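Note that the coordinates shown come from a computational prediction; the quantities given were computed from them, not determined experimentally. Position 1 is the first residue of the sequence, and the numbers go up from there.
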Amino acid sequence: MKKYLDLVRVETAKVLSIEERAILDDSSLVNDLGADSLDIMDLTYSLAQKFKVTMPTASLYQHAVDNLTEQELAELFDDNTLTPKGKLLFSESCYKYTKEQLKDIQTLGDIYSETTISNWAALCKAVAESEAKNADLLLIDNINVFFQK
């Protein structure tokens with residue numbers, strides 16, 4: 001995992017034009033490092049090139065909306081709020097959100113704001129080490145396994 005953390009840190013420093021040493025494993029890209037949506041897109045592209053993978057074109061939430069029934073979605077989300085089962089999906093996904101992170105995350109917007117270097121590194125590791133090398137397929141698989149489909 002250290003290799004992925006180090007490479008995500010290097011790429012993040014380049015994209016955000018900040019010193020690598022200012023980036024901690026638990027630094028949130030948005031809240032702590034000040035990344036905006038264009039920075040996230042640049043980082044996604046940069047990491048895809050670095051790891052020779054296809055990074056996600058949609059969020060875990062969007063894949064859930066596209067692949068689950070209304071009843072299954074209601075188990076995960078209550079309007080814009082994550083349910084305990086929704087938080088469990090995020091912790092078991094390839095992003096590996098921690099219980100500590102999820103304690104502070106209530107809404108879908110919080111997920112975006114609180115995603116850390118560690119979450120990105122976990123995603124990169126999972127995708128790079130997967131057979132398909134495609135994050136969207138991996139996220140859909142995470143959802144299917146979670147719902148035992």
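- In summary, the side chains of Gln101 and Tyr95 do not present any donor paired with an acceptor at a separation below 3.5 Å, with no hydrogens or angles considered.
- Atom CG of Leu68 and atom CG of Leu73 lie 5.0 Å apart (nearest 0.5 Å).
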### Query
Going through the checks in order, is the side-chain hydrogen bond (donor to acceptor under 3.5 Å, both in side chains) test met by Asp78 and Thr81?
CA-CA 5 Å; Asp78 183 10; Thr81 304; over 6 Å; no
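- When the options Leu47, Asn119, Ile23, Leu29 are evaluated for a side chain to side chain contact (heavy atoms under 4.5 Å, CB included) with Val8, the one that passes is Leu47.
- For the residue pair Ser46/Glu11, the side-chain donor-acceptor check at 3.5 Å is satisfied.
- In this structure the side chain of Tyr4 never reaches within 4.5 angstrom of the side chain of Leu123, judged on heavy atoms.
- A donor and an acceptor atom, one from each side chain of Asn142 and Glu92, are nowhere located under 3.5 Å apart.
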### Query
Does the pair Asp26 and Thr116 meet the rule for a side-chain hydrogen bond (donor to acceptor under 3.5 Å, both in side chains), with working shown?
CA-CA 5 Å; Asp26 65 350; Thr116 65; over 6 Å; no
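- Counted by atom type alone, Ser118 and Asp25 present zero donor-acceptor pairs between their side chains at under 3.5 Å.
- Atom CE of Met1 has more than 12 neighbouring heavy atoms from other residues, nucleotides or ligands inside a 6.0 Å radius.
- A heavy-atom distance below 4.5 Å is not found between the side chains of Met55 and Asn134.
- Expressed to the nearest 0.5 Å, how far CG of Leu89 lies from CD of Glu72 amounts to 11.0 Å.
- The only member of Asp32, Thr12, Leu24 that meets side chain to side chain contact (heavy atoms under 4.5 Å, CB included) when paired with Ile117 is Thr12.
- Look at Asp6 and Arg9 and you find a salt bridge, because one of the NZ, NE, NH1 or NH2 atoms lies within 4.0 Å of a carboxylate O, short of that distance.
- Side-chain contact check for Tyr97 and Thr115: at least one donor-acceptor pair (N or O, by modelled atom type) lies under 3.5 Å.
- Hydrophobic clustering of Ile, Leu, Val, Met, Phe, Trp and Tyr side chains at less than 4.5 Å, counting indirect connections, keeps Met41 apart from Tyr61.
- In this model, no donor atom of one side chain and acceptor atom of the other lie less than 3.5 Å apart for Ser113 and Asp110.
- Taking the side chain as every heavy atom from C-beta outward, Phe77 and Thr83 never approach each other to under 4.5 Å.
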